[in-house]
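Proteins come first, then strands; the chains are lettered A, B, ... in the order of their sequence lines, and each starts at number 1. Since we're looking at a predicted model, the values are computed, not measured.
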2 protein chains.
Amino acid sequence: MEDDRDIAQRLGEGLAEAGFSVEYAFNGPDGLALGTDDSFDAAVLDLGLPQMQGLDVLKEWRRKNRNFPVLILTARGTWSEKVDGLNAGADDYITKPFHLPEVAARLKALIRRSAGQASSVLTHGRLTLDITTGKATYDGAPIELTASELRMLNYFMHRIGRIVSQSELTEHLYATVDSRESNTIEVYVSRLRRKTSTDLIKTIRGLGYRMD
Amino acid sequence: MEDDRDIAQRLGEGLAEAGFSVEYAFNGPDGLALGTDDSFDAAVLDLGLPQMQGLDVLKEWRRKNRNFPVLILTARGTWSEKVDGLNAGADDYITKPFHLPEVAARLKALIRRSAGQASSVLTHGRLTLDITTGKATYDGAPIELTASELRMLNYFMHRIGRIVSQSELTEHLYATVDSRESNTIEVYVSRLRRKTSTDLIKTIRGLGYRMD
DNA sequence: GGCGGCCATCAGGATATTGCTGGTGGAGGA
DNA sequence: TCCTCCACCAGCAATATCCTGATGGCCGCC
């Protein structure tokens, strides 16, 4: 997003070369619209967009809980803008004239960091699981999961198509190795099935379970 | 405040020339002591102070409601530190090697701004929080919050929708890692709920809390 | 030095989760 | 087809977890 299309062009091409997928907006309202998609990994924001203050765009994003990282571009010497930008919810800033590799590097760092924090949602079929918010949905409807169920479901969703043995599950969920004395695992599988669908987790008799 | 006395010397002299009145601390505890005076316009904090993490000093200041602006000095390339710093309550950061005029300029900007009471107010649903004035409203009605409650609420409001574990809260609020000896966190959550609404903060048993 | 408010902690009670049991159903082998 | 054994599930008691009123101590302010 840039006020000067040439700069934007150059920046966009550079970032594309660095492996990013880029979209542009040349004014505030367009930027707002783009941001509402919430499908971005990060945004580069030039302060001083026409028609709307760049900071206002940022504030509006944050107000709408768009939490992708934002890198601010500012002209050299406008300190207050930078500080205001950080306070408005920006994650980093960089001064013009900028070096492309630096922008790319910072963007990568921001994205890497936000990946550690941002809600990373796993999707499989009609099932959805966000481990950071603890929310899961099946067919779009939210389902309530307890902590243990959540852990187990998470484990399964990271092992789609693989057979997961009972002992493996016990080990992962409890860090203890009970041999066959209780059927706790079976019970939890049962609960997961009840809350989602009977055929979500298939049982492989004598070997374990598999989700696919 | 500097880990390298030469750098500190140079920085201090430069700032003095620029019209600032400067005091030093060369380690964490001294820095803490200095900060408790609350008679400063601003502080320059070097991450990586001996004996105590620079960020802990900052957190401790903020815990005591010392709200002077803080400018962080960090080595080049440690992005996570910077971002963590901003999250911990710093107002700006600058990378080494730094140019004296730049530091001075940023400091001035920070001080000017802090004098001007730029109020950044967070809004979420019927809840409103102005971190600079410490005022909060619920349904438009003002609610009285103590310093700790305020910091906790602030933390929650920056993590809407995310599960926040008790240990995470303890760590952020106190900079120490108490394992389960007291139920302080529970008590504060309870108080926040009483002052706002019972269902403002949802408890996820075994995992933590979530505000959404 | 006295006072007020904030803070941390305790203890008792409330609640959801956990792990188990026992009875039932069904798969797979002989 | 029948039999055996494994898996399933509803319900239950035990328990970890959480909530909240009360209390004493500390700190800062007057």
Within the structure, does a side-chain N or O atom of [X] lie under 4.0 Å from either OP1 or OP2 of [N]?
| X | N | answer |
| --- | --- | --- |
| A/Tyr209 | D/dC8 | yes |
| B/Ser182 | C/dA8 | no |
| B/Ser148 | C/dC7 | yes |
| A/Gln166 | D/dC6 | no |
| B/Tyr188 | C/dC7 | yes |
| A/Tyr174 | C/dG19 | yes |
| A/Ser190 | D/dA10 | no |

[N] [atom2] sits how many Å from [X] [atom1], rounded?
| X | N | atom1 | atom2 | result |
| --- | --- | --- | --- | --- |
| B/Ile185 | C/dC10 | CD1 | P | 15 Å |
| A/Lys202 | D/dC8 | NZ | P | 13 Å |
| B/Ile204 | C/dT15 | CD1 | P | 18 Å |
| B/Arg193 | D/dG21 | CZ | P | 12 Å |
| A/Glu144 | C/dT18 | CD | C1' | 17 Å |
| A/Asp199 | C/dG26 | CG | P | 16 Å |
| A/Glu186 | D/dA7 | CD | C1' | 5 Å |
| B/Met152 | C/dC6 | CE | C1' | 15 Å |

- Task: Ignoring hydrogens and angles, answer whether the base of D/dT17 and the side-chain atoms of B/Asn183 contain a donor-acceptor pair closer than 3.5 Å.
- Result: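 No, no donor-acceptor pair under 3.5 Å.
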- Is there a donor N/O on one and an acceptor N/O on the other, under 3.5 Å, for the side chain of A/Arg205 and the base of D/dC6?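 Yes, a donor-acceptor pair under 3.5 Å.
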- Item | Residue whose nearest DNA chain C nucleotide is more 5′ - A/Glu149 or B/Thr184 |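 Going by which nucleotide is closer to the 5' end, it is B/Thr184.
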- Message: Assuming nearest nucleotide by heavy-atom distance, tell me which of B/Val187 and A/Leu145 is located more 5' along DNA chain C.
- Response: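 Looking at the nearest nucleotide for each, B/Val187 comes out on the 5' side.
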Does [X] reach the side chain of [Y], with side-chain heavy atoms less than 4.5 Å apart?
| X | Y | answer |
| --- | --- | --- |
| B/Leu169 | B/Tyr188 | no |
| A/Leu127 | A/Met211 | yes |
| A/Glu168 | A/Arg162 | no |
| B/Met152 | B/Ile201 | no |

- Ion pair B/Asp130/B/Lys135, N-O distance below 4.0 Å: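 Not counted as a salt bridge, because no side-chain N and carboxylate O are separated by less than 4.0 Å.
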- Message: For a quick check of understanding: with a heavy-atom distance under 4.0 Å over all strands, which category does A/Arg191 fall into, base, sugar-phosphate or nothing?
- Response: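 If one applies the 4.0 Å heavy-atom cut-off, A/Arg191 turns out to touch a base.
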- Query: What is the nucleic acid contact for A/Val189, judged by heavy atoms within less than 4.0 Å: base, sugar-phosphate only, or nothing?
  - Reply: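 Result for A/Val189 = nothing.
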- Want to settle it: does B/Thr198 or A/Arg194 sit nearer the 5' end of DNA chain D, counting the closest nucleotide to each?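 Nearest nucleotide further toward 5': that of A/Arg194.
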- Message: Hydrogens and angles aside, do A/Ser165 and A/Ser167 bring a side-chain donor and acceptor to less than 3.5 Å of each other?
- Response: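 Judged by distance alone, the side chains do pair up.
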